[in-house]
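Keep in mind that what you see is a predicted model, and the values were worked out from it rather than measured. Numbers for residues simply follow the sequence, beginning at 1.
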Amino acid sequence: KYAFIVEDVEELAPTIRRAFEIARSGRPGPVLVDITKDATAKMAEYEPMTPVKRDNIKPDEKDIEYALSLINKSKKPFIYLGGGAGISGAENEAREFAVKIDAPLCDTLMGKGAFNPTDDLYTGMVGMHGTKASNMGVSECDLLIAMGARFSDRVIGNAKKFAPKAKILHIDIDDAEINKNIRTTASIVGDLKNVLNELIPLVRERKNPEWRAHIDELKKRYPLKYDKNKLTCQYLIETLDKITDSKAIVTTDVGQHQMWTAQYYRFRQPRQFITSGGLGTMGYGLGAAIGAKVGRPDETVVNIGGDGCFRMNMNEL
């Protein structure tokens with residue numbers, strides 16, 4: 001998100017504080033602090049200070065009003081839920097909003113766990129590794145509501161053909177994501193939980209029986225499936241889900257096993273699925289599993305990895 005260079009040891013502590021403030025505010029992300037050799041060789045007095053609290057971006061009222069007009073006029077709304085839902089802690093608000101406007105909902109790899117996969121409104125993951133129901137829902141809706149998602153290439157594919165019939169409403173805390181990959185009809189910049197708490201009391205409650213019936217038919221017609229006459233990775237992950245009652249913290253590396261995990265393990269809570277996402281970090285899962293177990297010692301933690309990924313750090317193990 002940002003980069004600093006520290007050439008004076010007296011500036012080191014203030015720079016580190018500022019780096020953590022930037023890293024934790026808005027959309028969380030890494031900050032680089034580059035320290036020159038002469039600065040590291042010198043000494044300075046350190047004075048402890050209270051960390052700066054995370055910022056709270058207030059949504060623009062005109063953006064809220066325009067978004068409401070689009071939502072209330074929509075006959076075929078569809079929700080695209082990303083990792084921002086879990087970061088914001090907006091999982092309850094996301095469901096309340098979806099139920100009130102009777103909108104089917106898909107999620108991304110990083111959005112896993114923010115919406116209960118057994119809910120009738122849920123259609124599965126979207127994009128090149130997603131379900132056909134989710135991708136057809138995006139293609140056929142008249143309003144796509146993107147919540148805490150970044151329109152990654154794995155989701156949109158050909159940008160010119162993405163959501164061709166829909167107006168697009170994008171809600172995100174990072175204004176740099178607005179209109180970056182996909183042109184939007186409307187947008188709201190702000191913390192997703194706060195934005196939804198403003199929208200929920202104001203949106204018109206209704207049912208969309210024809211639209212819901214169509215999506216339900218797509219879910220029945222095009223379910224995820226695999227060959228059940230032989231042992232497969234999909235079967236193993238589905239069985240792991242049953243054995244752990246969908247409650248384990250699951251980490252993954254990168255590759256097919258990562259996608260199968262997203263498809264066949266039914267994550268019920270945010271931060272239950274720990275994966276490096278778009279960073280594509282082979283070898284990530286083992287260290288992440290150790291960290292998750294340290295942070296949640298009473299929970300079952302499982303690392304699902306590929307052979308190539310495991311070889312990245314098996315020597316350290």
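When every heavy atom of Leu70 is checked against every heavy atom of Ala186, the shortest pair comes out as CD1-CB, 3.6 Å. Nearest heavy-atom pair, Leu192 versus Ala85, reported as atom, atom and distance to 0.1 Å: CD2-CA, 3.7 Å. Residues Gly280 and Val254 approach most closely at C-CG2, 3.4 Å, considering heavy atoms. What you find for Gly86 and Pro270 is that their closest heavy atoms are CA-CB, 3.9 Å. Taking all atoms of both residues into account, the shortest heavy-atom contact from Ala44 to Glu10 is CB-OE2, 3.9 Å. Taking both residues in full, the closest heavy atoms of Pro77 and Ile101 are given as CG-O, 4.0 Å, listed atom of the first, atom of the second, then distance.
Counting non-hydrogen atoms of neighbouring residues, nucleotides and ligands closer than 6.0 angstrom, the CZ atom of Arg154 reaches no more than 12 such neighbours. Within a 6.0 Å sphere centred on CG of Asp38, other residues, nucleotides and ligands contribute more than 12 heavy atoms. Within 6.0 Å of the NZ atom in Lys76, the count of heavy atoms belonging to other residues, nucleotides or ligands does not exceed 12. Enclosure of atom NZ in Lys247 is not indicated, since only 12 or fewer non-hydrogen atoms of other residues, nucleotides or ligands lie within 6.0 angstrom. Taking a 6.0 Å sphere around OH of Tyr2, one finds it holds 12 or fewer heavy atoms contributed by other residues, nucleotides or ligands. More than 12 heavy atoms of other shown residues, nucleotides or ligands fall within 6.0 angstrom of atom CZ in Arg204. Asp34 CG: more than 12 foreign heavy atoms inside a 6.0 Å radius. Other residues, nucleotides and ligands place no more than 12 heavy atoms under 6.0 Å from the CD atom of Glu96.
Side-chain contact between Asn303 and Asp253 is present, with at least one heavy-atom pair separated by less than 4.5 Å. Considering only heavy atoms from C-beta on, Arg268 comes within 4.5 Å of Pro117 through its side chain. Looking at Ile87 and Pro28, their side chains come closer than 4.5 Å, going by heavy atoms from C-beta outward. In this structure, the side chains of Lys1 and Ser25 come closer than 4.5 Å at one or more pairs of heavy atoms. Side-chain contact between Trp260 and Tyr226 is absent, with no heavy atoms from C-beta onward closer than 4.5 Å. Counting only heavy atoms from C-beta outward, the side chains of Cys309 and Gln258 never approach each other to under 4.5 Å.
Thr300 OG1 to Lys293 NZ: the interatomic distance, rounded to the nearest 0.5 Å, is 6.0 Å. Atoms CG and OG, from Leu109 and Ser276 in turn, are 8.5 Å apart once rounded to the nearest 0.5 Å. The CG atom of Leu143 lies 9.0 Å from the CD1 atom of Ile79; values are rounded to the nearest 0.5 Å. Distance check, rounded to the nearest 0.5 Å: CD of Gln263 to SG of Cys233 gives 11.5 Å. Distance NZ/Lys100 to CD/Glu93: 13.0 Å, rounded to 0.5 Å. Of the inter-residue distances, the one linking Met312 atom CE with Leu286 atom CG reads 13.0 Å to the nearest 0.5 angstrom.
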> Between Ile188 and Ile64, is a side-chain contact (heavy atoms from CB on, under 4.5 Å) present by the stated rule, with each step listed?
Replying inline: CA-CA 7 Å; Ile188 303 173; Ile64 293 283; 3.8 Å; yes
> Can Glu198 and Asn194 be said to form a side-chain contact (heavy atoms from CB on, under 4.5 Å), step by step?
Replying inline: CA-CA 6 Å; Glu198 288 204 31; Asn194 295 341; 5.8 Å; no
>> Applying side-chain contact (heavy atoms from CB on, under 4.5 Å) to Tyr264 and Thr232, what does each step give before you reach the verdict?
In response: CA-CA 12 Å; Tyr264 287 96; Thr232 64; over 6 Å; no
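One hydrophobic cluster, built from ILVMFWY side chains closer than 4.5 Å, holds both Leu12 and Phe20. Residues Ile35 and Val9 fall into different hydrophobic clusters, defined by Ile, Leu, Val, Met, Phe, Trp and Tyr side chains chained together at heavy-atom separations under 4.5 Å. Tyr265 and Met125 end up in the same hydrophobic cluster when Ile, Leu, Val, Met, Phe, Trp and Tyr side chains are linked at under 4.5 Å. Linking ILVMFWY side-chain heavy atoms closer than 4.5 Å, directly or via other members, places Leu169 and Met147 in a single hydrophobic cluster. A continuous path of Ile, Leu, Val, Met, Phe, Trp and Tyr side chains, each step under 4.5 Å between heavy atoms, connects Leu224 with Leu236, placing both in one hydrophobic cluster.
Only one option out of Val301, Thr251, Val250 pairs with Ile274 in a side chain to side chain contact (heavy atoms under 4.5 Å, CB included); it is Thr251. When Asp63, Leu199, Ile178, Thr184 are each tested for a side chain to side chain contact (heavy atoms under 4.5 Å, CB included) with Ile171, only one passes: Leu199. The side chain to side chain contact (heavy atoms under 4.5 Å, CB included) test with Thr239 is passed by exactly one of Ile243, Asp241, Ile237: Ile243. In summary, of the residues considered (Phe115, Phe273, Tyr122), a ring pair (Phe, Tyr, Trp, His ring centres under 6.0 Å) with Phe267 occurs for Phe273 alone.
Salt-bridge annotation for Glu65 and Lys62: absent, with no side-chain N of the basic residue lying under 4.0 Å from a carboxylate O of the acidic one. Asp191 has no carboxylate O lying under 4.0 Å from a charged side-chain N of Lys193, or vice versa, which leaves the two without a salt bridge. Salt bridge status for Arg150 with Glu177: absent, with no side-chain N to carboxylate O gap under 4.0 Å. A salt bridge does not link Lys220 with Glu217: none of the charged nitrogens is closer than 4.0 Å to a carboxylate oxygen. Contact check on Glu91 versus Arg271 returns no salt bridge, with no Lys/Arg side-chain nitrogen under 4.0 Å from an Asp/Glu carboxylate oxygen. Taking 4.0 Å as the cut-off between side-chain N and carboxylate O, Lys75 and Asp142 do not count as a salt-bridged pair. A salt bridge links Asp102 and Arg212; the closest N-O separation between the charged side-chain nitrogens and carboxylate oxygens is under 4.0 Å.
Phe151 belongs to a hydrophobic cluster whose other members, connected by ILVMFWY side-chain contacts under 4.5 Å either directly or through intermediates, are Phe78, Tyr80, Val126, Met136, Val138, Leu144, Val155, Ile156, Phe162, Ile168, Ile182, Trp211, Ile215, Leu218, Tyr222.
Thr40 places a side-chain N or O within 3.5 Å of a backbone atom of Lys37 that can act as its donor or acceptor partner. For the pair Thr123 (side chain) and Ala133 (backbone), a donor-acceptor distance under 3.5 Å is absent.
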